[in-house]
Amino acid sequence: MSDEQVRAWAMSADRWWRRTALIATVALNVKALSWALRSLVGVAPHRVRGFLVAHGDDVPALVRREVGHKLETGLKRGR
């Protein structure tokens with residue numbers, strides 16, 4: 001789906017289309033969280049570990065896996 005489609009849903013008078021637009025962005029939010037935490041590993045790994053411990057299962061498994069791998073190996077994922 002296009003950005004324009006999601007934008008149109010977000011501006012709809014129908015609340016169900018607005019909710020659909022919000023749901024359509026969830027995957028982007030997960031990617032953003034993963035990127036942000038991985039980029040902080042080089043600067044403050046102890047804080048990233050603390051965040052993962054504090055938020056545990058609230059952090060999506062993919063994010064925990066990618067960030068954990070970055071903490072251990074310095075890489076996003078194995079080769």
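Just the heavy atoms: all of them, side chains too, but no hydrogens, waters or symmetry mates, feed the values below.
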Between Val59 and Phe51, does a side chain to side chain contact (heavy atoms under 4.5 Å, CB included) hold up when you go through it step by step?
CA-CA 9 Å; Val59 176; Phe51 179 88; 3.9 Å; yes
Exercise. Starting from the C-alpha separation in whole Å, work towards a yes-or-no answer on side chain to side chain contact (heavy atoms under 4.5 Å, CB included) for Asn29 and Leu33.
Key: CA-CA 6 Å; Asn29 296 332; Leu33 176 62; over 6 Å; no
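Legend: salt bridge (Lys or Arg N to Asp or Glu O under 4.0 Å) pairs involving residues 24-36, not counting sequence neighbours: none detected. Judged as a ring pair (Phe, Tyr, Trp, His ring centres under 6.0 Å), the pairs with a partner in residues 13-50 (not counting sequence neighbours) are, in order, Trp9-Trp17. Residue pairs meeting the side chain to side chain donor-acceptor pair (under 3.5 Å) criterion with at least one member in residues 53-68, sequence neighbours excluded: Ser34-Glu66. Residue pairs meeting the salt bridge (Lys or Arg N to Asp or Glu O under 4.0 Å) criterion with at least one partner in residues 7-26, sequence neighbours excluded, do not occur; the list is empty.
For Glu72, the side chain to side chain contact (heavy atoms under 4.5 Å, CB included) test picks out Arg49, with sequence neighbours left out. Applying the side chain to side chain contact (heavy atoms under 4.5 Å, CB included) rule to Ala24 yields the partners Met1, Val6; only residues at least two apart in sequence or on another chain are considered.
A single hydrophobic cluster is seen to contain both Val30 and Val67, as judged by linkage of ILVMFWY side chains at heavy-atom distances under 4.5 Å, directly or through other members.
In terms of heavy-atom proximity, His69 sits nearest to Leu75 at ND1-O, 3.1 Å. Here the closest heavy-atom approach between residue Val43 and residue Pro45 is recorded as C-CD, 3.7 Å. Closest of all the heavy-atom pairs between Ala21 and Ala10 is CB-N, 3.5 Å.
Once rounded to the nearest 0.5 Å, the distance linking CD of Gln5 with OG1 of Thr20 reads 10.0 Å.
Looking at Thr73, its side chain never comes within 3.5 Å of a backbone N or O of Lys70 through a donor-acceptor pair. Between the side chain of Thr25 and the backbone N or O of Leu28 there is no donor-acceptor pair closer than 3.5 Å.
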